[in-house]
*Asks:* 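Quick one: the structure is below, questions incoming.
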Amino acid sequence: MHSQGSSSRNQYDWDSDDELEVFGMPQESNVHGVEESGSTCSSAKNSKLIHHFVGMGFSVEEVIKAIEEDGEDNEENILETLLTLAATIDDPMREAFTEPCDFAKKSVTTIDISDDDDDYGITDSEIEEDAFTSEKDETLSILVNMGYPFKEALIAIDKCGPGADLSDLADFICAAQLEKEIESHLQDRPNRIHDTSLHVHKRSRDHYYNGKKKSRMCRTSQKKPLEIDMEEIELSIPTNGFSIAKGLYPRVVRKIPDKLAGPPYFYYENVAIAPVGVWNKISNFLYGIQPEFVDSKLFCASTRKRGYIHNLPTENRFPLLPIQPLTVQEALPNTRQWWPKWDRRTQLNCLLTSIGAATVTEKIRRDLEECGAETPPPNVQDTVLKLCKKWNLVWVGKNKVATLEPDEYEMLLGFPKDHTRGGGISRTDRYKALGNAFQVDTVAYHLSVLKDQYPNGVNVLSLFSGIGGAEIALHRLGIKLKNVVSAEISEVNRNILRCWWEQTEQRGNLFEVEDVQRVTSEHISHWINRFGGFDLVIGGSPCNNLSGSNRVSRDGLEGEHSSLFYEYYRIVNEVMQAQR
DNA sequence: AACAAGATGAGTGTATAA
DNA sequence: TTATACACTCATCTTGTT
């Protein structure tokens with residue numbers, strides 16, 4: 001943490017090297033190969049382009065063809081052409097598993113990979129609450145599968161006991177539902193737990209879905225030739241779909257082709273509201289699997305709209321216990337007494353990487369005190385409310401709002417308290433790391449299907465690990481971590497994960513890699529041989545150039561940070577090939 | 001240097017009205 | 001069907017302080 005590199009790394013210097021270093025030595029050998037093949041492309045720029053696209057997994061021949069077609073100046077068009085080429089291949093799965101490239105095969109660059117056996121062979125004390133809740137878990141998941149809302153199932157089990165007869169539990173839930181319905185007819189309470197925001201939008205969104213879906217499809221596929229068959233429609237991605245849930249959690253109906261169904265499993269995450277076309281591209285690379293868009297407001301008290309692409313089964317999912325409170329007032333009980341009636345928020349907006357300025361909270365306090373009245377006039381309410389929503393402010397006193405604390409970030413996102421605290425990390429860095437992290441409960445819900453399949457634990461390749469959201473999700477699910485290879489560029493983040501690993505007394509092995517770009521085929525096959533294969537490749541690639549919060553460089557998937565998605569794809573594809 | 005604080009819009013999707 | 005208004009966003013950069 002005292003190394004000089006750590007500070008400059010704060011500025012995401014995972015791309016500080018120029019392109020030559022990105023692909024290392026073998027680039028040159030490939031360049032020669034290309035030139036010898038008789039191509040007319042010979043400029044330095046051309047070589048870079050070729051390697052750029054070859055690095056994405058296209059064959060050299062295809063890339064050359066595309067460049068000749070579109071000219072070397074238009075990367076966008078070249079990529080479009082390449083993707084069209086890939087899409088027009090008879091068997092769409094064939095392209096998915098073709099040899100991506102061999103640029104890394106001869107790579108002998110020195111790589112910082114701690115290959116030591118960090119064997120924390122300690123006690124058996126991990127995950128012991130598991131025994132306590134396993135019966136409950138099982139009953140819960142059965143009830144949820146029967147179609148009962150999770151929360152009500154949970155209450156029923158609490159009331160009747162985990163050993164109660166299923167039919168008794170079902171009866172209890174039905175009775176409770178009926179009671180609730182009657183109650184809601186009798187009195188209209190605006191601040192009921194977690195129902196309002198969900199159902200308010202549901203009807204309209206469903207309407208949107210049925211009514212406008214088609215027109216949007218046409219818009220998205222405008223660029224492509226007008227041959228909209230079923231395949232096209234499958235791949236055309238609606239970037240909404242957050243509230244098509246019937247119950248508390250969305251029930252996903254999505255069929256993964258047998259060819260793609262894991263193991264090995266992969267799980268990819270990124271921001272939902274990305275520039276137009278980005279998710280289509282990502283989906284095309286990840287074997288055409290449709291993203292699953294989920295808003296974490298279903299799992300915690302703050303919004304977090306994300307897209308997930310994975311080949312996990314979607315049946316028999318179950319949520320992490322205990323269930324998080326879904327309202328701010330419950331999640332932050334101290335704020336409840338200060339929350340004015342006219343602020344009807346029950347949930348927070350997205351937790352970002354930086355927080356609001358103190359001048360904002362001060363301005364709000366002044367404005368409210370000036371009008372003096374118990375309830376301020378509508379125009380003041382309006383401006384204050386807008387600021388509160390913009391900066392995610394909560395009420396901590398009379399006329400007093402405040403930004404969230406880092407430990408409140410941790411709690412809302414499902415991390416252990418003080419997970420990012422200490423060890424030389426600054427407050428600013430905590431916000432940044434947490435703002436970039438998974439919402440653990442959400443990811444755990446998706447990963448829960450692995451629990452039955454891997455009673456002895458999993459081998460995980462974790463890319464862009466950050467502060468270890470994936471690892472924590474698995475751990476909290478009670479899925480043992482056998483071997484975890486974690487790639488993370490930020491030193492402070494690696495320290496956080498390592499500390500957590502030691503504190504939770506993991507019995508498996510943690511291997512740290514600094515830069516995903518330095519992971520070669522040799523590394524991958526070495527790990528596969530050693531561990532007997534990976535069970536899960538998980539990661540969310542940088543969103544910097546996709547996020548709407550970025551005023552400066554929202555450059556899309558080809559942006560300097562977000563283009564690391566192609567590294568994720570490269571590595572996933574190698575694992576998929578090697579283990580199938 | 002390192003850190004904290006403050007200032008800095010645009011793109012995307014949604015709802016509504018015409 | 002189109003136009004318009006509105007809400008929200010895994011961020012970056014500069015400046016000032018220690």
Side-chain angles (χ1 to χ4, degrees), chain A residues 1-12 197 200-201 203-209 211-216 218-220 237-243 269-279 293 295-297 302-308 345 347-363 382 385-392 403 406 409 412-413 424-440 442-443 464 466-467 469 490 492-493 539-556 559-562:
Chain A
M1 67 198 81
H2 293 294
S3 92
Q4 64 229 19
S6 120
S7 71
S8 65
R9 212 165 277 127
N10 289 338
Q11 302 281 8
Y12 293 99
S197 63
V200 165
H201 298 300
R203 201 178 300 131
S204 50
R205 292 270 172 69
D206 280 345
H207 181 262
Y208 173 90
Y209 230 68
K212 286 197 179 171
K213 193 174 178 183
K214 201 158 190 177
S215 76
R216 164 147 183 83
C218 295
R219 233 183 74 204
T220 353
I237 291 152
T239 47
N240 60 353
F242 293 107
S243 309
E269 178 258 12
N270 216 321
V271 290
I273 311 299
V276 172
V278 165
W279 273 107
F293 291 107
D295 190 336
S296 292
K297 73 178 184 184
S302 82
T303 294
R304 208 173 187 77
K305 291 173 183 173
R306 297 291 180 269
Y308 304 88
R345 286 180 299 160
Q347 291 191 303
L348 294 167
N349 281 337
C350 187
L351 272 42
L352 303 177
T353 53
S354 57
I355 58 169
T359 50
V360 177
T361 60
E362 171 61 11
K363 175 181 156 44
D382 197 49
L385 218 45
K386 271 181 186 164
L387 287 172
C388 286
K389 287 177 181 173
K390 181 172 184 181
W391 297 109
N392 245 352
T403 56
Y409 263 52
L412 290 165
L413 292 171
I425 187 172
S426 75
R427 195 180 156 86
T428 315
D429 276 346
R430 288 182 75 185
Y431 282 116
K432 190 154 97 179
L434 285 160
N436 280 308
F438 284 164
Q439 205 289 325
V440 171
T442 310
V443 172
F464 313 103
I467 54 176
S490 156
V492 286
N493 286 353
S541 62
C543 68
N544 304 23
N545 308 117
L546 309 181
S547 165
S549 298
N550 192 336
R551 292 143 147 85
V552 181
S553 52
R554 195 182 187 187
D555 304 328
E560 63 175 337
H561 305 304
S562 294

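Below, chain A is the first sequence line, B the second, and so on; all start at residue 1.
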*Asks:* Identify, with sequence neighbours excluded, every residue that meets side-chain hydrogen bond (donor to acceptor under 3.5 Å, both in side chains) alongside A/T442.
*Replies:* A/S296, A/Q439
*Asks:* Round to a whole Å and report the spacing from CZ of A/R430 to P of B/dC3.
*Replies:* 14 Å
*Asks:* Using whole Å, report how far CG of A/N545 lies from P of C/dT12.
*Replies:*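 Spelled out: CG on A/N545 to P on C/dT12 is 7 Å.
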*Asks:* For A/T359, which residues count as a side-chain hydrogen bond (donor to acceptor under 3.5 Å, both in side chains) partner, sequence neighbours excluded?
*Replies:*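 Per chain and number, A/T359 pairs via side-chain hydrogen bond (donor to acceptor under 3.5 Å, both in side chains) with no residue.
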*Asks:* In which ranges does DNA chain C form stems of 3 or more consecutive Watson-Crick or G-U pairs, distances under 3.5 Å?
*Replies:* B:1-8 with C:11-18, B:10-18 with C:1-9
*Asks:* Among residues at least two apart in sequence or on other chains, which ones pass side-chain hydrogen bond (donor to acceptor under 3.5 Å, both in side chains) with A/R427?
*Replies:*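 For A/R427, the residues satisfying side-chain hydrogen bond (donor to acceptor under 3.5 Å, both in side chains) (neighbours in sequence not counted) are A/E405, A/Y431.
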*Asks:* Pick out the pairs of N or O atoms, protein on one side and nucleotides 8-10 of chain C on the other, that lie under 3.5 Å.
*Replies:*
from: C/dT9; atom 1: OP1; to: A/C350; atom 2: N; distance (Å): 2.8
from: C/dT9; atom 1: O2; to: A/G548; atom 2: O; distance (Å): 3.1
from: C/dC10; atom 1: OP2; to: A/R306; atom 2: NH1; distance (Å): 3.1
from: C/dC10; atom 1: O4'; to: A/R306; atom 2: NH2; distance (Å): 2.9
from: C/dC10; atom 1: O2; to: A/R306; atom 2: NE; distance (Å): 2.5
from: C/dC10; atom 1: O2; to: A/R306; atom 2: NH2; distance (Å): 2.6
from: C/dC10; atom 1: N3; to: A/E269; atom 2: OE2; distance (Å): 3.4
from: C/dC10; atom 1: N4; to: A/E269; atom 2: OE1; distance (Å): 3.1
from: C/dC10; atom 1: N4; to: A/S541; atom 2: O; distance (Å): 3.1

*Asks:* Would you please name every residue forming a salt bridge (Lys or Arg N to Asp or Glu O under 4.0 Å) with A/R554, sequence neighbours left out?
*Replies:* none
*Asks:* Would you indicate, yes or no, if B/dA2 has its OP1 or OP2 atom less than 4.0 angstrom from a side-chain nitrogen or oxygen of A/S426?
*Replies:* no
*Asks:* Can you name the residues that form a side-chain hydrogen bond (donor to acceptor under 3.5 Å, both in side chains) with A/K363, not counting sequence neighbours?
*Replies:* A/D367
*Asks:* For A/S354, what residues pass the side-chain contact (heavy atoms from CB on, under 4.5 Å) criterion, not counting sequence neighbours?
*Replies:*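 Applying side-chain contact (heavy atoms from CB on, under 4.5 Å) to A/S354 gives none.
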*Asks:* Pairing donors with acceptors under 3.5 angstrom, does anything connect the side chains of A/N550 and A/S547?
*Replies:*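 Distance-only check fails for A/N550 and A/S547.
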*Asks:* I want to confirm an ordering. Mapping A/P275 and A/R427 to their closest nucleotides on DNA chain B, which one lands closer to the 5' end?
*Replies:* A/R427
*Asks:* A/V278 and side-chain contact (heavy atoms from CB on, under 4.5 Å): which single residue from A/I273, A/L546, A/N270 fits?
*Replies:*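 Among A/I273, A/L546, A/N270, the one that satisfies the side-chain contact (heavy atoms from CB on, under 4.5 Å) with A/V278 is A/L546.
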*Asks:* When you check the phosphate oxygens OP1 and OP2 of B/dA4, does a side-chain N or O of A/T428 lie under 4.0 Å from one of them?
*Replies:* yes
*Asks:* To the nearest Å, give me how far apart NZ (A/K297) and C1' (C/dA7) are.
*Replies:*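 That distance rounds to 13 Å.
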*Asks:* Starting from C1' on B/dG6, measure out to NZ on A/K363 and report it in whole angstrom.
*Replies:* 16 Å
*Asks:* Going by salt bridge (Lys or Arg N to Asp or Glu O under 4.0 Å), name the residues that satisfy it together with A/K386, two or more places apart in sequence or in a different chain.
*Replies:* A/D382
*Asks:* CH2 of A/W279 versus C1' of B/dT12: gap in Å, rounded?
*Replies:* 15 Å
*Asks:* Does A/S553 or A/D382 map to a spot on DNA chain C nearer the 5' end, using the closest nucleotide for each?
*Replies:*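 Of the two residues, A/D382 wins.
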*Asks:* Please give, in whole Å, the distance from B/dA4 P to A/I425 CD1?
*Replies:* 10 Å
*Asks:* Go through B/dG6, B/dG13, C/dT12 for me and flag the one nearest to the A/V276 side chain.
*Replies:*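 Selected nucleotide: B/dG13.
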